[in-house]
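Have a look at the structure below, then the notes.
Small disclaimer: the values here were computed from a predicted structure and weren't measured. Note on naming: letters A, B, ... go to the chains in the order of the sequence lines (proteins, then strands), and numbering restarts at 1 for each one.
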Amino acid sequence: MSSITTFDPLVDAPKHHHPVYDYDSGPPVERGKFAIWLFLATEVMFFAGLIGAYIVLRSATESWPNPEERLAVDITAFNTFVLIVSSWLMVKALFAAEAGDRSGILKWLGLTILGGTLFVSIQVYEYIVLFGEGNLPRTDLFWSTFYLMTGFHGTHVVVGLIWLICAWVAAARGKYTPKNYLGLELAGLYWHFVDLVWVLLFTIVYLF
Amino acid sequence: MSSSISSTPLGIDPPGTVHVTHDHHELGFWRKYVFSVDHKVIGIQFLFTGLFTLLLGGLMAMAIRWQLAFPWTQMPILGKILFPETGGVATPEGYTMLFTMHGTIMVFFVIIPLLTGAFGNFLIPLMIGAPDMAFPKLNMLGYWWMWPGIALILLAFGTEGGGPASGWTAYPPLSTIEAAAPGSMSGQTLWLLALTFSGVSSMMGAINYVTTIVKMRAPGLSLFRMPLSIWGLFIAALLQLFALPVLTAAGFMQLFDRIFDAGFFTPPDIVVNGFSAEAAGNAAGGHPLLWQHLFWFYSHPAVYIMVLPAMGFVSDILAVHARKPIFGYKPMVYSISAIAGLGFIVWGHHMFMSGMNPTVGMVFMTATIMIALPSAVKVFNWLGTLWGARIRLTTPMLFALAFVSMFIIGGLSGIWMASTPVDIYIHDTYIVVAHFHYVVFAGSVLAIFGAIYHWFPKMFGRMMNETLGKIHFLGTFIFTNGVFFMMHQIGIAGLMRRTADPYAYETYAHLQPLNEFISYCAFALLFWQIFFVVNLVVSLGWGKRVGRNPWGATTLEWDAPSPPGHGNFDSQLVVVRGAYEYAVPGEDADFLPQNDPSAVPDGPTHAPHAPTPAPVHASS
Amino acid sequence: MNWILSTFERLWVTALFLAVPILGVWTWVIADRYGWWFPENVSSYGDQIDHLFYVIMWMVAVTFVITEVVLAIVILYFTERKQGRSTYTHGSHKLELIWTAVPALLLVFIAFSQMEAWNDVKIDLPRGVATAEVPYTVDEPIFDVWASQFDWRVRYPDENGNFEGAGVIESPYDIYVPVDTRVVFRLRSRDVLHSFFVPNFRLKQDAVPGMAIPVWFEAQKTGSYDLICAELCGWGHYKMAGRVHVLPKDEYAAWLATARREHRSNGADDLVALGDGDDDDDE
Amino acid sequence: MSQDKHFNANKVFIGLIILTAVEVAYGVIGGRNYLDLPKGLLWGGLIFMAIWKALLIAWYFMHLKFEGWIVKGLILPTPFLIAVIFGYVLPDLADDESNLVYPIGSMVEAKSGAVYEHMSDLQKHVNPDAGH
Ligand code: HEA
Ligand code: HEA
Ligand code: CUA
Ligand SMILES: [Cu+2]
């Protein structure tokens, strides 16, 4: 092949001791944050799939049972309150991080984790009660859609909690400076997202 | 050490950090070749994994072809492995498992890993002048998440009842009710898990690609200076991100149906092989079509995931070996995006006959037919690129040309199916099979071959043998058409797919000779790949060493050593012009590398008074 | 020497790519002779569908031949022969406009030319009470077709149009319809998805459990035709065959009368039997 | 880090709490137990408040408000795609005119113990309340 240049050590051999460089192109947003928002977009589509299925089955059904008769709206309303509070505490933690007040981070983040744990325990309790009453996913469509959506949200909450705990440890190690607390911010974004999804789920599962 | 860029878990150092490499203490074998975080190694891992699964899928195809040519006769070689208990004679349920596995493996474990996994990983950082992916560890994870998927899907064959048998589309209730088919026992569950794994894998990949392309382009590499390969991979990654989660959700719903008897897709009052959901005390009242909607919401965009990167590679290969700038670069970019965008609103064209509300079908039809438009723009621009060029008929070029030729066929047959009334007749006939094998095998796979021949020197620093390559091309091209063109014929004759033995029907009896011909071509196609395998192996060890830029190409990857060392480039690259500056008048070199500061800056992306090339006479 | 080789290469590649449109068109020309083409059409809307197929075929064929031939020509003329460079251009607005606009027009035309046929076949069906002109409607169909693994059951209503009770006729595999009559029936499934496919009628419709999908056709030629299941429904999918017998009107009436007299289904029971098909004999 | 991310978290928080309270009240009182408002009204109101809350969270707590167009752009396609899903699927599956012999999900509550002693079991589900 005329066009193919053969190997010439002088030009073609890798030059050693070269610096590995890293630079930033494009819009002013940290890679981590960019990626997390991409990830959140996929999460939105995931829940869109689940909720969409529910809405379709639901709105095509005449005899859909009344959720208020089957579910404890009051307890869950309180649970929603808990999650919103923890979301708010998370914001506090971020502000603390921004101010560079480590003990502040630990306090607020700790409370956030507490709130999340409370939420999960209440939901677990709810499940136990419901199972006790013999309401299983196989019982009927109401329950299968219910467990599908709340179940996947629950797992997301647990994941979020683990993430927050890691962030708490990192904070305790003093990893977050007012200049760079992105790690904490990302955990927070995920946590808020979980909260956001719940706001919607609570409405359409418990109140519709 | 992990790649210097990735030294933090998410690669989230403040931008602009300059790390100093620690190249000197060598990595151990494991960290270097197995659990490597280097995008090049990961890309090559994907490549060989993909070729291996391609072989598996291909062998299953051969078993399919044997059964269709000589139904219920003893299958040589493969029969022993696939149907030991019957002494090598296919069983009806065995056949359903065969094409289910063939389709699944080919789509989820061959084409997507090869296009996005192998070439996405290898090319993206190199082509945009980055030292590595944005999140190298995530990248490695993405590769290793695919293996459980492959393992599970192969394991499914071994389970009681055998592998999944409800087609790669897994339509319920066949797929959700265990009594419905032997393959719908644990095999189907494994199938769902396998898909979830591969889904997570490509999710990690996609996030990585998009972040890398958006955040790590070399200075001066504006979006509209990116090579079309990058554009293809970029848009494909976005398709993954927005479509795949819906399939994952649907997959979990099917798992719920299977494991917890949730009944999302199980209508009431059905008795499947003696089994009744209500009698068993399971939930019912769902709707089978719900699955079809959710499945195709992903799987139609998925078919464009399976072709857009290929289109990108082909565009680049054409430009390089035709020594000519891409004709209408921006229209190319816009059409890629348009195809992706439209791809989201046409999934219903797979459901015209499914009992879907026919009025909705009409809307889907119109949207579908419109997708031909951006595709047309691409085809004509490829022809425009070649017109007035100085083509070098290298092996990669031959495969790229083949892609153009074949994609036209596959695409055009799509128009029939897009038109609802015609689809009444041809839905689920072999016209459909012909259609998608033309776009997916004769299109994407040939493009992948071309890409392998084209970037092999960059991957391994050695050329592949041109003579063997051309022999490989000749046979592959001929036999591919022998296999798939004739499928149009049996399709028009009305033969429907997923049929183990059509000849019982008087309508189909006379089609056996043609099916035999197709099968012989298929076997020849398989054996012809020996030239490729030999070429691959020989060139790996003994191929001619090449320099950095054997083809005389302009894009950035050719500025790195072949194979590129750790960190890819000798130094920071600065891009000064578009990706396709070939044969620039008044330059002594007939190509201007994107990062070569000498000579004229960016040529105009549109030369208003360019000499009008002649396709216009042809196409009007 | 080298020159001969490169010329040879150029020629065989051109020939190869030129063979695609030539052989392609050729196979479609001879296809009919070998029965690689549509089976005979005997239904009223079959012509409409075939016609649309041909309309699209001609457009596609022209596009196909033009593009493929241009590709071959390009390879023949623009393969590197002597020294020299390719023309330096990044494209042309004019051309882009042309080859966007022309296909756009074609495609819009294609899209709209489909609507009517689709509407006739699938959307606008007779509803309400049957009359002399319209003997069968969605609400008073000629019969119900029940698909199940792996057979077709046809239930003719009794004299007063009831689909249950002893008067019902249950005919497995064989469907009898009068010729030149627009028959409307409801397609149903007992278990999984199936698809009611009669190639000679150009008729295909999936049967979905839980849905009763109205379908119509009008056979214009007597005879009996293959009924094929076209949606994967399990291991026996390939052998889920039936026959549609198109009888002259009077013969049909006679058949119905005799059937009503003799072949009476015991309604309920064999429907119970329906579910558990012949699956048991595969393992 | 962008430093200017200052907003009054407490205000947003109070807003969320109030909205939740109103929502629950509206849902329960407007629900089937008491007023039994028409579905459209009930669902409309609830969805409106839920989305309002969601937006508050995204806009402030997730400081979307302070992000550049690029981050906003990442999330932007999702509402459109969701609209596409519903736009296509609802008219198909949830359409009264479609040829279902039973309303989807009618098996909720209804559990036909003895299946198919008779053909008319299928028609039964045309009327959802039959069966129990
Ligand atoms: C890479 C994969 C790929 C690609 C690119 C395409 C591209 C297209 N596909 Fe295909 N398709 C599949 C993979 C793909 N498909 C698969 C796997 C299936 C089967 C799934 C299953 O059931 O198992 C399928 C099935 C399928 C169906 C369902 C058939 C059925 O089941 O009844 C339909 C129906 O509309 C369809 C349509 C189209 C159209 C209109 C395009 C268009 O994008 C094509 C556009 C391209 C061109 C038109 C050619 C180039 C243009 C010109 C030369 C310009 C001039 C042209 C005109 C003026 C017409 N495809
Ligand atoms: C997506 C990609 C893809 C690819 C590449 C192929 C490739 C092939 N397919 Fe398939 N096919 C599908 C996707 C694909 N298919 C799908 C989705 C279905 C539908 C399934 C369903 O109905 O559910 C299907 C169904 C399908 C059917 C219909 C079955 C039926 O409905 O009854 C048939 C029948 O002929 C068939 C044949 C073939 C043949 C002969 C090939 C040949 O082209 C294969 C050629 C491949 C080789 C010869 C392998 C060569 C190996 C190498 C080059 C690797 C070298 C190895 C190393 C270096 C380690 N396929
Ligand atoms: Cu019934 Cu296929
Ligand atoms: Cu499609």
Side-chain angles (χ1 to χ4, degrees), chain A residues 26-30 33-34 37-38 40-41 44-45 48-49 52 55-69 73-74 77 80-81 84-85 87-88 90-92 94-95 98 140-142 178-182 185 188-189 192-193 195-197 199-200 202-204 206-208, chain D residues 1-3 5-6 9-10 12-13 16-17 20-21 23-24 26-28 31-33 39 42-43 46-47 49-51 53-54 57-58 60-63 67-71 74-75 77-79 81-82 85-86 89-90 93-96 98 100 103-111 128-129:
Chain A
V29 50
E30 301 82 355
K33 188 186 279 183
F34 184 87
W37 274 102
L38 266 180
L40 289 183
V44 172
M45 290 314 289
I55 298 273
V56 168
L57 293 174
R58 168 69 195 264
S59 58
T61 304
E62 274 93 84
S63 65
W64 196 266
N66 180 357
E68 289 156 34
E69 288 164 2
V73 176
D74 43 7
T80 313
F81 172 75
I84 293 178
V85 171
S87 206
W88 168 64
M90 185 70 222
V91 180
K92 289 273 180 218
L94 271 181
F95 285 167
E98 208 169 358
D140 63 32
L141 263 193
F142 177 93
K179 286 247 136 302
N180 178 2
Y181 52 91
L182 186 63
E185 200 179 348
L189 279 173
H192 294 308
F193 172 77
D195 182 25
L196 185 154
V197 172
V199 164
L200 296 172
F202 172 65
T203 309
I204 66 170
Y206 288 79
L207 299 179
F208 261 33
Chain D
M1 287 307 109
S2 35
Q3 300 302 349
K5 282 189 198 134
H6 273 300
N10 306 6
V12 181
F13 172 63
L16 286 170
I17 296 306
T20 314
E23 200 185 3
V24 174
Y26 182 71
V28 172
R32 289 178 229 180
N33 294 359
K39 280 266 165 289
L42 181 67
W43 292 10
L46 287 172
I47 282 289
M49 281 183 273
I51 290 186
K53 283 158 70 181
I57 295 174
Y60 290 103
F61 284 7
M62 304 173 81
H63 20 77
E67 300 293 354
W69 59 270
I70 181 77
V71 170
L74 289 180
I75 213 75
T78 52
L81 293 174
I82 294 170
I85 297 183
F86 284 123
V89 180
L90 279 176
L93 299 188
D95 171 18
D96 312 347
S98 68
L100 292 172
I104 311 178
S106 64
M107 289 307 292
V108 175
E109 291 176 330
K111 265 273 188 303
D129 303 326

Inset, instruction - Indicate the atoms forming the closest heavy-atom contact of A:Leu40 with D:Ile75, along with that distance. - result: C-CD1, 4.3 Å
Legend entry - Among D:Leu42, D:Val28, D:Thr20, D:Leu16, residue most engaged with chain A (heavy-atom pairs, under 4.5 Å): D:Val28
Inset, instruction - Can you measure from CD1 (D:Ile57) to CZ (D:Phe13) and round to the nearest 0.5 angstrom? - result: 11.0 Å
Legend entry - Under 4.5 Å from a heavy atom of chain A, the part of D:Phe61 involved: both
Legend entry - Pairs of heavy atoms under 4.5 Å with chain D: top-ranked of A:Val73, A:Ile84, A:Leu38: A:Ile84
Legend entry - Nearest heavy-atom neighbours spanning D:Thr78 and A:Ala41: CG2-O, 3.8 Å
Inset, instruction - Can you see which heavy atom on A:Phe95 is nearest to which on D:Ala9, and at what distance? - result: CE1-CB, 4.0 Å
Legend entry - Nearest non-hydrogen partners of A:Met90 and A:Gly188, listed with the distance: CE-CA, 3.6 Å
Legend entry - Residue selection (most heavy-atom pairs with chain D, distance under 4.5 Å) from A:Ala48, A:Ser87, A:Ala77: A:Ser87
Inset, instruction - Please round to the nearest 0.5 Å and tell me the distance separating atom CD1 of A:Ile55 and atom CD1 of D:Ile82. - result: 11.0 Å
Legend entry - Best-contacting candidate, A:Phe81, A:Tyr206, A:Phe202, A:Phe34, against chain D by heavy atom pairs under 4.5 angstrom: A:Phe34
Legend entry - Side chain, backbone, both or neither of A:Thr80 within contact of chain D (heavy atoms, under 4.5 Å): side chain
Legend entry - Option in D:Ala54, D:Gly27, D:Pro79 with maximal non-hydrogen atom pairs under 4.5 Å from chain A: D:Ala54
Inset, instruction - Please look at A:Val197 and chain D and tell me whether the side chain, the backbone, both or neither of the residue comes under 4.5 angstrom of a heavy atom of that chain. - result: neither
Inset, instruction - Using a cut-off of under 4.5 Å on heavy-atom pairs, state which of D:Val89, D:Ile85, D:Asn10 scores highest against chain A. - result: D:Asn10
Inset, instruction - Provide the closest heavy-atom pair for A:Asn180 versus A:Leu182 in the form atom of the first, atom of the second, distance. - result: OD1-N, 3.1 Å
Inset, instruction - Taking only Lys NZ, Arg NE, NH1 and NH2, and the carboxylate oxygens of Asp or Glu, determine whether A:Glu68 and D:Arg32 approach each other closer than 4.0 Å. - result: no
Inset, instruction - Let me know if D:Leu46 has heavy atoms under 4.5 Å from chain A in its side chain, its backbone, both or neither. - result: both
Inset, instruction - Identify which part of D:Ala58 has an atom lying under 4.5 Å from any heavy atom of chain A, answering side chain, backbone, both or neither. - result: both
